[in-house]
Structures are given as C-alpha cells and as structure tokens.
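Atom set for the values below is all heavy atoms of this structure, side chains included, hydrogens, waters and symmetry mates excluded.
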Amino acid sequence: GKTFHRQIKLQGSGEDGRPYVISGYGDGRPVINFGKAEGAGILLENVSHWEVMGMEVVSYEPPLVGCGRQGIVVRISQPGVFDHFVIKDNYIHDVWGQLGGHGMYSGYNSSAILVHTHRMNYSPVASAAPVAPMVLNDILIQDNKIERVDKCGIVCRGGKNNVVVRGNWMDNLGGDGIFVNGPYRGLVEYNVIHRSCMRSGAPNIPGDENWWPHVAACWIQNTEETIMQFNEVYDTGRNLYNGDGFAYDFDFNCKRCVAQYNYSKNNYGLMLLMYNIYENVTRYNISENDHTHLIQMQGPRIGDRNLIYNNVFYLDYGMADLDFFLGNDGEKNPDELGAYFYNNIF
C-alpha cells in the first residue's frame with residue numbers, strides 16, 4: 001500500500017522452476033510513481049525467470065514531446081535466450097508517453113506493458129556479419145488493468161515460443177491496444193479493449209508530423225499458427241490521419257493464424273488483411289455496428305487461401321464496405337486482392 005517515487009530496475013536472474021518475484025504484501029498494492037522520468041516504471045533488462053505481480057505503476061505527469069514513458073518493460077538488448085516472464089494482475093494507469101517516434105521509449109515502445117528485443121546499435125554496413133540472435137520464450141501477460149496510457153496498452157515483439165496474452169482489460173489508450181509480433185503458436189484471448197486509438201493521427205497532436213498515425217485495437221504480425229479468440233473490442237477511435245481503427249488485424253507475414261469467437265462493436269471494421277499473409281482463418285466472430293469497412297483486403301490473393309466464414313455482421317444504421325484497398329493512388333491490381341468468403345450472415 002505504500003508509494004515509491006522512483007523507477008525500479010530488477011537485476012539478476014532466477015532459475016528454471018525458481019523465478020524471482022516482485023509483488024506486495026499487506027493491504028493494498030505497492031505503487032511505483034515515477035513522475036516526470038523517461039523510460040519504465042519497472043524495468044527488466046537482459047534477465048530471465050522473473051514474475052511481476054500485483055503492482056501499480058503510474059506517472060501522472062502530462063505528456064512532453066521527446067519524453068517517452070512506459071509501465072512494466074522486459075527489454076533484451078544482448079544476444080542469448082531469455083526465458084520465463086510473467087506480468088500478471090498489475091494496474092498501470094496515467095502513463096503519458098510519446099505517440100510517435102522510433103526511440104527506445106517512444107512510439108510502439110511507449111506502452112503500459114512492453115516485452116521486446118531491442119538492438120542498441122544497428123550496423124549501417126550491408127555486408128556486416130550476421131547479428132547473433134536474441135530469443136524470448138515463455139511469456140505470460142495476464143489479468144492486468146490498463147487505462148489512460150499513451151501510446152499502447154500491451155506490446156510483445158520478439159517472443160518466440162509459449163507467448164500468451166490473456167484476460168487483460170484496458171480503456172482510453174492513445175494508440176494500439178494489443179500488438180503481438182513474432183510468436184509461433186501464440187495465444188491472445190479473453191482480453192477487453194475499450195476506447196483504443198483515441199489520439200494517434202489527430203491533427204492537433206504536438207510533435208513530428210511524420211509520426212506513424214495508423215493504429216488498431218488487437219493485431220498480430222510475423223506470427224505462425226497464432227490464435228486470437230474470445231476477445232472483445234469496443235469504440236475504437238479513428239482520427240483524421242489514422243487509416244486503420246480496425247478491431248483485429250492479420251498483419252504482415254501471418255501464416256496459418258486464426259481469429260475466432262471474437263466480438264467487435266462500434267469499431268472501424270472487424271478485420272484487416274495485410275500483405276504477405278497465408279492461410280489465415282477468420283471465423284465465428286460477431287461484428288456489431290462497425291463502420292466504414294467490415295473487412296479490408298490490402299494484400300492477400302485468392303491463391304493465398306485466406307478464409308472468412310461463419311461470421312455474423314450486423315448493422316442497424318449507416319453503411320459499411322467489404323473493401324479491396326487499391327492503394328492511395330490506385331496502384332494495386334484489384335485482381336491480386338481478395339479472400340474466400342462463405343457462409344457469413346449479413
């Protein structure tokens with residue numbers, strides 16, 4: 001129940017079956033209030049076998065251009081295999097980071113919960129020797145409450161095996177709700193995302209006009225045989241320069257993934273299909289009063305066997321499209337876009 005006005009960096013590693021745990025005791029959550037500081041409230045860097053549970057992380061400071069802020073972060077910045085990270089039952093709120101930029105703490109890295117591999121230095125030499133791999137395994141992000149955060153709720157980039165994002169609740173996010181990149185047979189389920197994408201792409205946001213504006217509620221990228229299921233997405237925002245606002249997204253390089261038993265209400269579309277995706281299935285989902293477009297196909301071809309079947313699309317006002325996106329200047333060939341639709345109810 002006490003409040004600590006500093007950032008915490010956890011050091012050392014537990015062992016297989018004997019993880020280190022940071023949590024609280026007595027009545028009330030321990031509060032990490034890191035105020036104006038840049039970076040994470042709780043940081044784990046280049047360590048393994050840690051569990052962060054029952055904590056509260058806040059900043060309360062207003063946003064400041066050039067200052068990225070984060071809640072709980074696992075960052076791997078050196079080669080190796082790093083295992084077992086549990087981030088469970090934490091409350092992260094009022095962390096105002098930076099919506100744009102590509103720095104260590106900004107853009108997608110400005111998140112309530114961030115688990116990622118981050119190379120500190122990229123060689124500009126094209127013929128440089130291959131970089132040794134950095135691998136993250138056994139990640140569980142579960143039952144966390146997140147609200148009033150910029151930019152993202154939960155981002156997991158670089159996790160490979162046994163990646164699960166489950167049962168998290170979030171509201172009032174400036175950008176993306178959940179973004180998972182990289183796992184084989186990952187699982188994203190039973191999450192509730194309310195009012196994500198509320199500020200990205202707004203014309204009056206201070207900062208670089210080239211900040212990436214396109215954000216969505218729940219999406220996966222570079223994944224194989226990963227499942228999004230039993231999630232609920234409501235009231236996603238879509239500001240002037242945000243061309244997205246979908247509830248769910250099979251993004252670049254998704255192969256044999258499934259989106260099933262999800263609910264989408266009052267968003268800017270149920271599903272986005274991006275480039276270079278193969279044999280992904282969208283089934284048994286409900287779309288209620290989504291607007292602009294129900295499904296948008298930007299990249300897949302019929303031959304890539306992406307299937308959309310047994311879904312229910314319901315609108316009681318307005319109109320929405322099944323959208324073949326031909327590019328901003330019509331540069332795409334519409335014959336190269338599309339998916340198999342069957343047995344859906346409109």
Below 4.5 Å, heavy atoms only, C-beta onward: do [X] and [Y] meet side chain to side chain?
X    : Y    : result
I8   : L43  : no
E279 : N306 : no
R199 : D150 : yes
V233 : L270 : no
P183 : N161 : no
V57  : I72  : yes
I308 : N344 : yes
S196 : V215 : no

Is R195 salt-bridged to D235, cutoff N-O under 4.0 Å?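 Salt bridge: no.
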For the side chain of [X] and the backbone of [Y], is there at least one donor-acceptor N/O pair under 3.5 Å apart?
X    : Y    : result
R166 : V164 : no
N262 : M228 : yes
E56  : Y91  : no
R238 : D244 : yes
R69  : W96  : yes
N239 : M198 : yes
E189 : L187 : no
N144 : Q142 : yes
S13  : S48  : yes
Y248 : N231 : yes

List the steps, then state whether salt bridge (Lys or Arg N to Asp or Glu O under 4.0 Å) holds for R256 with E224. CA-CA 6 Å; R256 296 180 296 280; E224 186 173 355; 2.4 Å; yes
Could you tell me whether N204 atom CG has more than 12 heavy atoms of other residues or ligands within 6.0 Å of it?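 Counting other residues, nucleotides and ligands, CG of N204 exceeds 12 neighbours.
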Counting neighbours of CG on D316 that are heavy atoms of other residues, nucleotides or ligands and sit closer than 6.0 Å, is the number greater than 12?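 Counting neighbours around CG of D316, more than 12 heavy atoms of other residues, nucleotides or ligands fall under 6.0 Å, so yes.
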For [X] and [Y], which I'm curious about, is there any donor-acceptor pair between the side chains at under 3.5 Å?
X    : Y    : answer
N109 : R157 : yes
N162 : N137 : no
D290 : S264 : yes
N276 : Y278 : yes
S77  : E45  : yes

Parallel under 30°, tilted from 30 to 60°, perpendicular over 60°: which one fits the rings of Y263 and Y234?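 Ring orientation, 0 to 90° scale: perpendicular.
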Within this structure, what is the [atom1]-[atom2] distance for the pair [X] and [Y], rounded to the nearest 0.5 Å?
X    : Y    : atom1 : atom2 : value
N311 : Y342 : CG    : OH    : 10.5 Å
C254 : L273 : SG    : CG    : 10.0 Å
M297 : E336 : CE    : CD    : 14.5 Å
T236 : I193 : OG1   : CD1   : 7.5 Å
C257 : D251 : SG    : CG    : 11.0 Å
N222 : N181 : CG    : CG    : 4.5 Å

Taking all atoms of both residues into account, what is the closest heavy-atom pair of [X] and [Y], and its distance?
X    : Y    : value
D138 : H84  : OD2-ND1, 2.9 Å
F85  : L136 : CE1-CD2, 3.4 Å
D208 : N210 : OD1-N, 2.8 Å
G186 : T226 : N-OG1, 3.0 Å
Y105 : S110 : O-CB, 3.3 Å
S23  : P30  : O-CG, 3.9 Å

What ring-ring contact (aromatic ring centres under 6.0 Å, His included) pairs are there with at least one residue in residues 286-305, not counting sequence neighbours?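 Found F246-H293, Y268-H291.
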Taking ring-ring contact (aromatic ring centres under 6.0 Å, His included) as the cut-off, I'd like each qualifying pair that reaches into residues 176-214, sequence neighbours left out, listed once.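 Listed once each, the pairs are Y108-F179, F179-W219, Y190-F230, W212-H214.
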With side-chain contact (heavy atoms from CB on, under 4.5 Å) as the test, would you mind laying out the steps for I146 and I113 before giving the verdict? CA-CA 9 Å; I146 298 167; I113 297 174; 4.1 Å; yes
Trace of the side-chain contact (heavy atoms from CB on, under 4.5 Å) decision for D176 with K151: CA-CA 7 Å; D176 309 84; K151 174 182 181 180; 3.6 Å; yes
side-chain contact (heavy atoms from CB on, under 4.5 Å) with S106: which residues, sequence neighbours excluded? Q98
Derivation and outcome, side-chain hydrogen bond (donor to acceptor under 3.5 Å, both in side chains), residues E147 and N172: CA-CA 6 Å; E147 55 186 342; N172 194 356; over 6 Å; no
Would you sort out whether D89 and R29 count as a salt bridge (Lys or Arg N to Asp or Glu O under 4.0 Å), showing the intermediate values? CA-CA 10 Å; D89 185 32; R29 297 175 182 270; 3.1 Å; yes
Taking F313 as the starting point, is it possible to reach M271 by hopping between hydrophobic residues whose side chains are less than 4.5 Å apart? yes
Set out, in order, the CA-CA distance, both residues' side-chain angles and the distance that settles side-chain hydrogen bond (donor to acceptor under 3.5 Å, both in side chains) for N266 and N289, then state yes or no. CA-CA 5 Å; N266 195 31; N289 285 328; over 6 Å; no
What residue pairs, at least two apart or across chains, pass side chain to side chain donor-acceptor pair (under 3.5 Å) with a residue in residues 57-66?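 Non-adjacent pairs meeting side chain to side chain donor-acceptor pair (under 3.5 Å): zero.
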Could you go through the side-chain contact (heavy atoms from CB on, under 4.5 Å) check for R75 and L44 one step at a time? CA-CA 6 Å; R75 181 168 66 230; L44 300 92; over 6 Å; no
With side-chain contact (heavy atoms from CB on, under 4.5 Å) as the test, would you mind laying out the steps for I87 and L140 before giving the verdict? CA-CA 6 Å; I87 302 174; L140 175 63; over 6 Å; no
With sequence neighbours excluded, tell me which residues meet side-chain hydrogen bond (donor to acceptor under 3.5 Å, both in side chains) with Y275.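 Listed in chain order: K332.
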By ring pair (Phe, Tyr, Trp, His ring centres under 6.0 Å), which residues pair with Y20, not counting sequence neighbours? W50
